[in-house]
Amino acid sequence: MTATCVILDIGGVLEFTPETGWVPRWEERLELPLGTVHERMRDVWRAGSVGRISEREVHEQVAARLGLGTAQVEAFMADLWAEYLGTPNVELIDYVRGLRGSCRLGILSNSFVGARERETSLYQFDELVEQIVYSHEIGIEKPDLRAFEAAFASLDVRPENCLFIDDVAVNVQAAQAAGMQAHLFEDNARTVERIAAHLDAGPLATRRVPHLQEPQRSQDS
């Protein structure tokens with residue numbers, strides 16, 4: 001329970017996930033007014049984010065609500081996942097990989113049903129950290145304090161010994177309300193500096209924590 005811990009968000013931190021414009025493209029293709037897809041699918045997206053619906057049921061609802069055939073549903077969902085998964089923040093991932101053995105490592109992510117399988121396949125986050133807490137698996141999303149409690153409990157660490165990193169200010173504030181230390185991700189250099197300071201001051205600070213060589217600002221998340 002005295003271990004130092006770092007817990008990271010995925011989208012916007014370990015992954016860069018800019019908007020790809022896939023939804024407006026589908027609305028144009030289907031001759032639907034802008035905003036129609038999210039209006040029709042909002043409750044499905046919500047259910048998927050907290051695990052109240054299966055992937056198969058998501059596909060069924062996409063087909064029924066948007067009038068798509070099987071091939072179109074597959075193409076629609078492929079576009080959804082392309083934006084969701086984005087591209088890896090290689091620099092930060094490599095840095096976190098170098099921390100293994102110096103602290104406990106975890107992930108806390110608002111997610112969607114099917115995310116674990118895809119992110120494991122593409123990015124091997126299950127090998128990067130010890131525990132991954134996905135909202136669709138616990139039924140709770142950030143900024144609910146219970147999500148943060150689930151994350152530090154999964155690693156058997158005290159909240160005050162945890163540094164949580166997220167690119168959304170309200171989630172950073174919620175982590176602090178849950179008793180954790182927290183950092184708003186803006187770029188890799190400042191994030192690495194904050195992690196290093198946290199570990200240097202932590203209860204298990206027994207060796208020099210790695211720092212980035214010649215830190216560079218990352219692309220916008």
Side-chain angles (χ1 to χ4, degrees), residues 5-20 22-23 37-39 41-55 57-59 61-62 76-89 92-93 96 104-126 128-155 157 159 162-186 191 218 220-221:
C5 173
V6 177
I7 299 175
L8 304 102
D9 178 37
I10 295 181
V13 178
L14 294 174
E15 294 169 1
F16 295 126
T17 55
E19 293 186 5
T20 62
W22 70 277
V23 172
V37 167
H38 288 317
E39 180 181 341
M41 301 302 300
R42 183 175 293 111
D43 62 323
V44 175
W45 301 153
R46 172 61 182 163
S49 71
V50 291
R52 292 201 297 262
I53 191 171
S54 69
E55 277 199 80
E57 291 168 326
V58 170
H59 284 228
Q61 290 300 316
V62 167
F76 179 93
M77 294 303 298
D79 285 346
L80 179 154
W81 284 114
E83 179 176 287
Y84 182 100
L85 296 167
T87 57
N89 183 351
L92 185 59
I93 289 170
V96 172
R104 308 298 303 275
L105 292 169
I107 283 173
L108 173 61
S109 176
N110 285 354
S111 55
F112 193 73
V113 60
R116 180 181 289 272
E117 295 80 3
R118 288 168 174 83
E119 286 171 333
T120 295
S121 176
L122 280 177
Y123 305 132
Q124 294 80 51
F125 288 148
D126 61 321
L128 182 68
V129 303
E130 300 166 72
Q131 296 289 336
I132 304 177
V133 175
Y134 282 112
S135 68
H136 75 275
E137 293 177 348
I138 65 170
I140 302 167
E141 287 189 297
K142 299 173 293 185
D144 191 311
L145 297 190
R146 293 174 296 170
F148 301 95
E149 292 165 357
F152 60 73
S154 74
L155 291 163
V157 292
C162 284
L163 174 65
F164 177 68
I165 298 163
D166 201 293
D167 63 319
V168 178
V170 68
N171 293 336
V172 169
Q173 295 162 2
Q176 292 169 332
M180 305 169 77
Q181 300 180 55
H183 172 75
L184 180 66
F185 179 88
E186 296 177 294
T191 297
S218 72
D220 292 339
S221 61

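The figures that follow rest on heavy atoms only: side chains count, while hydrogens, waters and symmetry mates do not.
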Quiz prompt | CA sep, side-chain torsions, deciding dist, call: Gln124, Leu128, side-chain contact (heavy atoms from CB on, under 4.5 Å) | solution = CA-CA 7 Å; Gln124 294 80 51; Leu128 182 68; over 6 Å; no

Exercise. Report yes if the distance between the aromatic ring centroids of Phe148 and Phe164 is under 6.0 Å, otherwise no.
Key: yes

Self-check item: Over all atoms of both residues, closest heavy-atom pair of Pro143 and Val170
Solution: CB-O, 4.0 Å

Quiz prompt | Which atom of Leu145 lies closest to which atom of Ala177, heavy atoms considered | solution = CD2-CB, 4.0 Å

Self-check item: Under 3.5 Å: donor-acceptor pair, side chain of Ser154, backbone of Gln131
Solution: no

Quiz item: If you take all heavy atoms of Leu184 and Ala169, which pair is closest and at what distance?
Solution: CD1-N, 3.7 Å

Quiz item: Quick one: does Ser111's side chain have a donor or acceptor within less than 3.5 Å of a partner on His136's backbone?
Solution: yes

Quiz item: For Glu57, which residues count as a salt bridge (charged side-chain N to carboxylate O under 4.0 Å, His left out) partner, sequence neighbours excluded?
Solution: none

Self-check item: CA sep, side-chain torsions, deciding dist, call: Leu85, Arg118, side-chain contact (heavy atoms from CB on, under 4.5 Å)
Solution: CA-CA 8 Å; Leu85 296 167; Arg118 288 168 174 83; 4.1 Å; yes

Self-check item: Ring geometry between Phe125 and Tyr123 (parallel below 30°, tilted from 30 to 60°, perpendicular above 60°)
Solution: tilted

Practice problem: Check whether any side-chain N or O of Thr120 sits under 3.5 Å from a backbone N or O of Asp126 as a donor-acceptor pair, and report yes or no. | Solution: no

Quiz item: For Glu19, does the CD atom have more than 12 heavy-atom neighbours from other residues, nucleotides or ligands under 6.0 Å away?
Solution: no

Self-check item: Residue pair Asp166 / Phe185, side-chain heavy-atom distance below 4.5 Å
Solution: no

Self-check item: Residue pair Asp167 / Gly12: nearest heavy atoms and the distance that separates them
Solution: OD2-CA, 3.5 Å

Quiz item: With distance as the sole test, does Asn89 use its side chain to make a donor-acceptor pair with the main-chain N or O of Val13 at under 3.5 Å?
Solution: yes

Exercise. For Glu149, enumerate each residue passing the salt bridge (charged side-chain N to carboxylate O under 4.0 Å, His left out) test, keeping only those at least two apart in sequence or located in another chain.
Key: none

Quiz prompt | Side chain to side chain, Val6 and Arg104, heavy atoms closer than 4.5 Å | solution = no

Quiz item: Is a donor on one side and an acceptor on the other found under 3.5 Å between the side chain of Glu15 and the backbone of Gly86?
Solution: no

Quiz item: Which class fits the ring pair Phe76 and Trp45: parallel under 30°, tilted 30 to 60°, perpendicular over 60°?
Solution: parallel

Exercise. Test side-chain contact (heavy atoms from CB on, under 4.5 Å) on Val58 and Val44 and set out the steps.
Key: CA-CA 7 Å; Val58 170; Val44 175; 4.3 Å; yes

Exercise. Flag the pair Tyr84 / Met77 as yes when at least one side-chain heavy-atom distance between them is below 4.5 Å, and no otherwise.
Key: no

Quiz item: Taking all non-hydrogen atoms of both residues, which atom of Thr191 and which atom of Glu186 are closest, and how far apart?
Solution: OG1-N, 4.4 Å

Self-check item: Sub-4.5 Å side-chain heavy-atom contact between Tyr134 and Leu108
Solution: no

Quiz item: Quick one: side chain to side chain contact (heavy atoms under 4.5 Å, CB included) partners of Arg46, sequence neighbours excluded?
Solution: Ser49, Val50, Arg52, Glu141

Exercise. Apply the test side-chain contact (heavy atoms from CB on, under 4.5 Å) to residues Asp9 and Ile107: give CA-CA distance (whole Å), side-chain angles for both, the deciding distance (0.1 Å), then the verdict.
Key: CA-CA 6 Å; Asp9 178 37; Ile107 283 173; over 6 Å; no

Exercise. Output yes when a side-chain donor or acceptor of Asn110 lies under 3.5 Å from a complementary backbone atom of Lys142, and no otherwise.
Key: yes

Exercise. Mind listing the closest non-hydrogen atom pair of Phe152 and Pro159 along with its distance?
Key: CE2-CB, 3.6 Å

Quiz item: Do any N or O atoms from the side chain of Arg116 and from the backbone of Glu137 form a donor-acceptor pair under 3.5 angstrom?
Solution: no

Practice problem: Answer whether the closest heavy-atom distance between the side chains of Ile7 and Leu155 falls below 4.5 Å. | Solution: yes

Quiz item: For the atom pair CD1 (Ile140) and CZ (Arg146), what is the distance rounded to the nearest 0.5 Å?
Solution: 4.0 Å

Quiz item: Is any side-chain heavy atom of Leu14 less than 4.5 Å from a side-chain heavy atom of Ile93?
Solution: yes

Quiz item: Are any of the side-chain heavy atoms of Leu163 and Met180 separated by less than 4.5 Å?
Solution: no

